[in-house]
J.: 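After the structure tokens below, expect a handful of questions from me.
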Amino acid sequence: MTKRIEDFTVTGNRFINKDIFLLELQAEGKLADLKPGQFVQVRVDGSPETFLRRPLSIHDADFERNTIKLLVQLAGKGTETLSRLQTGRKLNLIYPLGNSFTIPEQDEKILLIGGGCGVAPLLFLGKHLKSLGHSPEILLGFRNRERMIEYDEYMSIGPVSLATEDGSVGEKGFVTQHSLLAGKRFNRIYCCGPDRMMKAVAQYAFANGISCEVSLENLMACGFGACLCCVVDTVDGNQCTCIDGPVFNINKLKWQNSESA
Amino acid sequence: MTKRIEDFTVTGNRFINKDIFLLELQAEGKLADLKPGQFVQVRVDGSPETFLRRPLSIHDADFERNTIKLLVQLAGKGTETLSRLQTGRKLNLIYPLGNSFTIPEQDEKILLIGGGCGVAPLLFLGKHLKSLGHSPEILLGFRNRERMIEYDEYMSIGPVSLATEDGSVGEKGFVTQHSLLAGKRFNRIYCCGPDRMMKAVAQYAFANGISCEVSLENLMACGFGACLCCVVDTVDGNQCTCIDGPVFNINKLKWQNSESA
Amino acid sequence: MAELGISIGSLSFKNPVITASGTFGNGSEFDDFFDVSRLGGIVLKGTTLEPREGNSYPRMAETASGMLNSVGLQNKGIDYFEKNIYPRVSSYNTNVIVNVNGSYVEDYVALAERINKLDRIPAIELNISCPNVKTGGMAFGTNPETAREVIRKVRAVYSRVLIVKLSPNVTDITQFARISEEEGADSVSLINTLLGMAIDAAAMKPSLSTVTGGLSGPAVKPVALRMVWQAANAVKIPVIGMGGIRTVNDAIEFFLAGATAVQIGTASLIEPGTSVDILEGIGEYLDSKGFGSISEIIGYINRKQERTI
Amino acid sequence: MAELGISIGSLSFKNPVITASGTFGNGSEFDDFFDVSRLGGIVLKGTTLEPREGNSYPRMAETASGMLNSVGLQNKGIDYFEKNIYPRVSSYNTNVIVNVNGSYVEDYVALAERINKLDRIPAIELNISCPNVKTGGMAFGTNPETAREVIRKVRAVYSRVLIVKLSPNVTDITQFARISEEEGADSVSLINTLLGMAIDAAAMKPSLSTVTGGLSGPAVKPVALRMVWQAANAVKIPVIGMGGIRTVNDAIEFFLAGATAVQIGTASLIEPGTSVDILEGIGEYLDSKGFGSISEIIGYINRKQERTI
Ligand SMILES: Cc1cc2nc3c(=O)[nH]c(=O)nc-3n(C[C@H](O)[C@H](O)[C@H](O)COP(=O)(O)OP(=O)(O)OC[C@H]3O[C@@H](n4cnc5c(N)ncnc54)[C@H](O)[C@@H]3O)c2cc1C
Ligand SMILES: Cc1cc2nc3c(=O)[nH]c(=O)nc-3n(C[C@H](O)[C@H](O)[C@H](O)COP(=O)(O)OP(=O)(O)OC[C@H]3O[C@@H](n4cnc5c(N)ncnc54)[C@H](O)[C@@H]3O)c2cc1C
Ligand SMILES: Cc1cc2nc3c(=O)[nH]c(=O)nc-3n(C[C@H](O)[C@H](O)[C@H](O)COP(=O)(O)O)c2cc1C
Ligand SMILES: Cc1cc2nc3c(=O)[nH]c(=O)nc-3n(C[C@H](O)[C@H](O)[C@H](O)COP(=O)(O)O)c2cc1C
Ligand code: FES
Ligand code: FES
């Protein structure tokens with residue numbers, strides 16, 4: 001998968017809730033080969049505070065139309081500047097970056113768990129799994145009903161369970177408290193969301209011997225392995241989130257009993 | 001004249017030749033009291049290379065409509081960013097700054113000499129002089145016909161003579177070589193343009209005992225006298241272009257015989 | 001509302017926001033923008049015994065997130081100051097501090113003696129760190145022996161609050177902070193500008209008439225913060241932190257690192273109201289975090305480290 | 001087309017654009033973006049005798065026009081290098097330089113001896129300026145005696161081109177440039193990162209696990225350029241300039257100040273193609289100004305000053 005540096009054209013940009021917006025980008029020519037779990041490094045022009053590029057997961061990709069989608073949460077100046085990008089403007093990306101989720105060869109009972117904006121890479125993954133004949137279930141956690149996003153999109157992939165902190169939709173509580181996990185046995189979990197949630201899900205997976213991959217969001221400078229800034233402490237020592245990840249099997253991470261870390 | 005910091009709204013922005021654009025700005029409320037020769041300090045948002053504000057002369061002011069105009073030449077990133085400002089956007093200014101041209105109390109034979117984008121403060125000055133009953137003449141120098149700007153505007157003030165380096169319009173040569181200066185006697189000259197041109201005009205004024213004021217464009221950090229970065233060497237020592245100027249009588253400057261400096 | 005008052009030596013400041021020398025004129029340049037008396041203090045522009053013209057134009061160059069200056073202490077001298085500036089700044093209801101400069105030790109001492117007589121000037125900032133003068137200035141602040149000598153001799157004649165302004169252009173900032181403390185200074189302020197340079201590639205010549213100049217602005221903040229943290233951990237006298245402060249969060253970083261007060265420099269040139277905006281922001285920050293006073297966050301990261309060790 | 005070739009000691013470079021250690025991986029990270037062999041040289045990431053894990057995460061913080069890092073020389077050690085990296089980088093048709101690090105003088109010497117045997121490594125860059133390791137690193141480069149000792153001992157065992165990488169965290173950079181020259185270094189390269197720091201005001205804790213880290217990027221350019229200018233005027237050996245170079249004009253400034261070659265660091269992390277873009281731009285600049293070779297502009301502002309005196 002050759003990395004490229006390319007200008008994309010903004011073909012859509014809209015807020016889907018108070019804090020999260022969806023950017024649709026059109027490649028100039030043919031989209032590079034992409035896999036679920038990979039990310040792009042976006043150059044944010046016109047934001048003096050944003051010196052480095054910003055890493056964003058590939059939320060969806062359409063190889064017919066040569067478009068990708070990014071699901072972005074307002075975090076600071078960089079994302080704020082992106083949120084104001086108008087249709088027709090160019091956006092410079094380095095892509096595709098990072099490894100990708102491991103796709104099972106046989107039929108397995110698969111669960112995708114996402115929290116907040118961490119659902120970003122899971123849509124592309126879910127669609128991909130479905131296209132390969134898998135039947136993943138989906139468990140999403142949000143703060144409340146207002147924060148819920150893209151429910152319909154995930155429904156088109158498979159059955160969706162919901163957890164909200166205030167119980168305004170779905171079950172009340174965190175995803176790890178959801179009855180789905182008590183009731184059903186899964187063979188494989190893919191998880192992306194806040195650190196604390198991923199660590200809680202990892203504990204569940206460890207305890208139940210379930211294969212589990214998580215997607216990390218460490219601070220990055222380059223995104224392609226040149227600077228060694230983005231390391232995570234693994235059983236094989238410090239590894240780069242940008243090239244050895246962002247997807248890691250929890251067995252690689254030193255997360256055993258680290259829920260409260 | 002109290003200095004203010006205010007957001008103006010861009011009500012117009014268009015190129016009037018390849019390099020020069022005209023920004024029209026609307027004050028939120030009533031425009032501050034302004035005098036010809038004064039300038040504004042513009043904050044250029046969204047340009048990482050532009051750390052400091054940018055000083056620009058007040059090209060025109062309309063106290064009925066509470067608008068001002070800025071005539072800006074593309075010089076670097078700051079002005080380039082301004083040139084792309086869309087109608088409706090805000091622009092933050094500190095204004096009004098600097099001293100102003102000395103307005104004669106009696107009738108005098110007045111000549112305004114401008115070169116290139118240096119004509120900027122002369123339009124406001126010319127209109128002001130005319131409104132006070134003076135009948136200034138105008139001598140403008142440009143590189144060539146394509147570079148000529150706002151001829152009609154100046155015609156509405158008084159007779160306009162032109163000099164171009166290639167003779168494509170008006171007389172061929174620099175403003176100081178124009179036949180107007182050989183033929184007529186003026187009592188008072190106001191001049192703004194490239195340094196070299198102002199120094200040449202100053203020599204002419206010195207030689208003919210004509211009262212002459214020039215408007216300088218030194219590099220500035222603050223624009224309101226706080227940093228002492230913008231000094232010019234005068235007979236009274238280093239003075240700040242931003243508060244003791246930008247308008248200086250040539251007798252104050254050490255420009256005697258400095259044409260080639 | 002959290003308590004913002006702090007003390008430097010025997011001097012009380014109603015809040016810890018002070019403007020930095022050379023970037024705030026003599027205060028009056030800001031009268032149109034806000035009430036200068038709201039600030040904890042203001043440091044007036046660098047003053048010398050005799051009038052000085054400073055360096056030739058060009059004296060300023062813009063850099064990435066910063067600027068270089070080589071103003072070179074242009075000022076009208078202490079006589080003019082006493083007659084024309086002192087009466088006016090005396091009316092401000094804030095601590096008015098004079099930034100004291102000289103080419104020789106004797107100049108510093110003579111100037112400090114003069115200012116010691118001015119009742120409405122409760123403190124001086126001894127500038128041994130100006131990079132833009134040929135003699136004196138930074139030469140004092142980068143040599144431990146001369147630094148010690150000038151501080152000692154000024155301390156002997158100056159009875160009010162003595163703040164020593166340190167140069168960042170040294171291998172070990174703590175050495176100079178310690179010397180200041182040992183010689184009886186009430187406080188150190190840092191950083192002055194980093195010695196830097198720019199060249200106009202198109203014109204193929206230095207951007208400043210002096211070739212080198214002093215770098216300031218957000219670009220230097222990481223270096224400034226590091227030095228303030230080092231100095232605050234090396235001495236017991238209060239440290240006044242500055243260098244690149246532009247936002248409330250910037251200022252908070254300096255308090256957390258150990259600064260008792262902050263100075264706002266270059267930012268005031270671009271947004272004249274920066275200092276009062278930051279002043280308001282500090283109160284909001286403390287309130288939002290539930291702190292009752294500014295003193296609770298001064299040196300917080302150091303105390304926290306001790307706790308976890 | 002202007003001639004771009006330069007020499008450092010006995011080593012020829014087809015052009016004066018080199019990538020900076022720690023920001024260019026081991027070259028292959030850039031293979032997708034351009035042909036690495038087009039560059040004058042590449043400096044590989046900091047290497048030590050034994051493998052190193054570096055510092056804990058977080059090791060990076062963004063700052064105004066720059067970044068702090070405290071990677072701390074993570075690398076797999078010289079054995080791994082010889083076996084896995086050396087064969088691959090040997091295929092590049094450019095000067096491949098290893099950045100040599102150690103905690104003790106003996107480490108540096110042992111490592112230099114090992115690399116001396118690698119035919120396809122024509123030069124080493126002796127890093128006595130890493131701010132991110134507890135022992136060694138910057139401690140060597142900020143103390144004249146230890147700097148002299150490590151350079152002397154490495155020179156004794158290393159027969160190819162020896163470049164000494166200097167720390168900017170010193171009072172007088174020329175002292176260290178002179179020591180390098182006296183001890184037989186073929187060149188000095190500067191600057192390494194400025195020691196800096198950042199605090200997360202919201203979280204009330206340092207942004208880096210190590211509290212302090214090294215500042216790089218456009219923010220530091222004015223300081224870097226000043227030091228390169230000072231060093232180039234202090235020694236006769238060629239100076240390799242770096243620190244904040246992002247555009248062609250930035251690079252030109254360093255040549256005009258006296259640098260014989262430039263290194264591109266942080267900029268490559270953001271725009272991977274910066275080094276080749278600058279390479280092309282230098283040719284265009286020389287052509288547009290009517291210069292026949294890069295050597296005509298090296299130190300131009302110094303020669304010009306001499307001329308006008
Ligand atoms: C591989 C990868 C994929 C990502 N995918 C997405 C995505 O699909 N959608 C999305 O909204 N975000 C994603 N992120 C996070 C995103 O990169 C940051 O939110 C963004 O860079 C913030 O930029 P900013 O300028 O808006 O905020 P800043 O001003 O840079 O930061 C605001 C606050 O957020 C913190 N912060 C910023 N970046 C990170 C980070 N990476 N980890 C932890 N804290 C951080 C800062 O410390 C600061 O406190 C991803 C990150 C990585 C590494
Ligand atoms: C009082 C005053 C009034 C001015 N009025 C006008 C006006 O009405 N219209 C107008 O177009 N311009 C005017 N200028 C000049 C204008 O401020 C600069 O052209 C502008 O700041 C350039 O910004 P930039 O970011 O586009 O270019 P930069 O990237 O900052 O500079 C581009 C190039 O121009 C040079 N340069 C920039 N500013 C100056 C300057 N002030 N003097 C000499 N060289 C400079 C730089 O050194 C550089 O080589 C005025 C300047 C002053 C001081
Ligand atoms: C234009 C200018 C003039 C300065 N003059 C002085 C001075 O006279 N005396 C002094 O001690 N510091 C002087 N300084 C340094 C500032 O007081 C301050 O130490 C430095 O700029 C760092 O803070 P900042 O980044 O907030 O500007 C000057 C700085 C600037 C930008
Ligand atoms: C992430 C990172 C890692 C670095 N690692 C090293 C290193 O291992 N050895 C070294 O000599 N310099 C190292 N440096 C310093 C650079 O080589 C260079 O000296 C410095 O960054 C200044 O140049 P720049 O502003 O162009 O980046 C590193 C810099 C960065 C940003
Ligand atoms: S971000 Fe540079 S190596 Fe991962
Ligand atoms: S620009 Fe600051 S005093 Fe004139």
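Lettering of chains follows the sequences in order, A, B, ..., and the numbering in each one begins at 1.
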J.: For each of B:Thr2, B:Val232, B:Leu52, tally heavy-atom pairs with chain C at distances under 4.5 Å, and name the one with the top tally.
T.: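 When all of B:Thr2, B:Val232, B:Leu52 are compared, B:Leu52 has the most.
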J.: Identify which part of C:Ser268 has an atom lying under 4.5 Å from any heavy atom of chain B, answering side chain, backbone, both or neither.
T.: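 Only the backbone of C:Ser268 comes within 4.5 Å of chain B.
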J.: Which atoms of C:Phe33 come close to chain B, meaning under 4.5 Å heavy atom to heavy atom: side chain ones, backbone ones, both, or neither?
T.: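 Just its side chain gets close to chain B.
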J.: Quick one: does C:Tyr57's side chain have a donor or acceptor within less than 3.5 Å of a partner on B:Cys229's backbone?
T.: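 It does not hold such a pair.
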J.: Kindly indicate, with the supporting measurements, whether the criterion side chain to side chain contact (heavy atoms under 4.5 Å, CB included) is fulfilled by B:Asn238 and C:Arg59.
T.: CA-CA 12 Å; B:Asn238 276 334; C:Arg59 309 172 162 184; 2.9 Å; yes
J.: On a heavy-atom basis, which atom in C:Val71 and which in B:Leu228 lie closest, and how many Å separate them?
T.: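 The pair with the smallest heavy-atom distance is CG2-O, 3.7 Å.
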J.: Counting distance only, does the side-chain N/O of C:Glu62 pair as donor-acceptor with the main-chain N or O of B:Phe51 below 3.5 Å?
T.: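 Indeed, once roles are kept as given, a pair shorter than 3.5 Å links the two residues.
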J.: Verify the neighbour count for atom NZ of B:Lys90: are there more than 12 heavy atoms of other residues, nucleotides or ligands below 6.0 Å?
T.: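 Enclosed.
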J.: Just so I understand: if I count every heavy-atom pair under 4.5 Å between each of B:Arg4, B:Arg54, B:Glu49 and chain C, which residue has the most?
T.: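 Between B:Arg4, B:Arg54, B:Glu49, the count favours B:Arg54.
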J.: More than 12 heavy atoms of other residues, nucleotides or ligands under 6.0 Å from NZ of B:Lys35: is that the case?
T.: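 Counting neighbours around NZ of B:Lys35, 12 or fewer heavy atoms of other residues, nucleotides or ligands fall under 6.0 Å, so no.
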J.: Could you tell me the separation between the NZ atom of B:Lys3 and the CG atom of C:Asp31, rounded to the nearest 0.5 Å?
T.: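 Rounded to the nearest 0.5 Å, the NZ-CG separation comes out at 8.0 Å.
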J.: Write down the atom of C:Lys45, the atom of B:Gly225, and the distance for their closest heavy-atom approach.
T.: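 Shortest heavy-atom separation between C:Lys45 and B:Gly225 comes out as NZ-O, 4.5 Å.
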J.: Looking at CD of B:Gln41 and CG of C:Leu269, how far apart are the two atoms once the value is rounded to the nearest 0.5 Å?
T.: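 It is 10.0 Å, given to the nearest 0.5 Å.
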J.: Which one wins on heavy-atom pair count under 4.5 Å against chain B: C:Ser28, C:Pro272, C:Ala61?
T.: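 That would be C:Pro272.
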J.: Going by heavy atoms in the side chains, are B:Asp233 and C:Glu53 under 4.5 Å from each other?
T.: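 A side-chain contact is absent here, since even the closest heavy-atom pair is not under 4.5 Å.
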J.: Which pair of heavy atoms, one from B:Ala226 and one from C:Glu29, lies closest together, and at what distance?
T.: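 Result for this residue pair: N-CG, 4.2 Å.
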J.: To the nearest 0.5 Å, what is the distance between CD on C:Glu271 and SG on B:Cys222?
T.: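 These two atoms lie 13.0 Å from each other.
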J.: Is the count of non-hydrogen atoms from other residues, nucleotides or ligands lying under 6.0 Å from C:Phe34 atom CZ greater than 12?
T.: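 Atom CZ in C:Phe34 is packed in, count exceeds 12.
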J.: With a 4.5 angstrom heavy-atom cut-off, is it the side chain or the backbone of B:Ile94 that approaches chain C, or both, or neither?
T.: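 The answer is the side chain of B:Ile94.
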J.: If you count the non-hydrogen atoms of other residues, nucleotides and ligands that lie under 6.0 Å from CZ in C:Arg88, is the total more than 12?
T.: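 Correct, the count exceeds 12.
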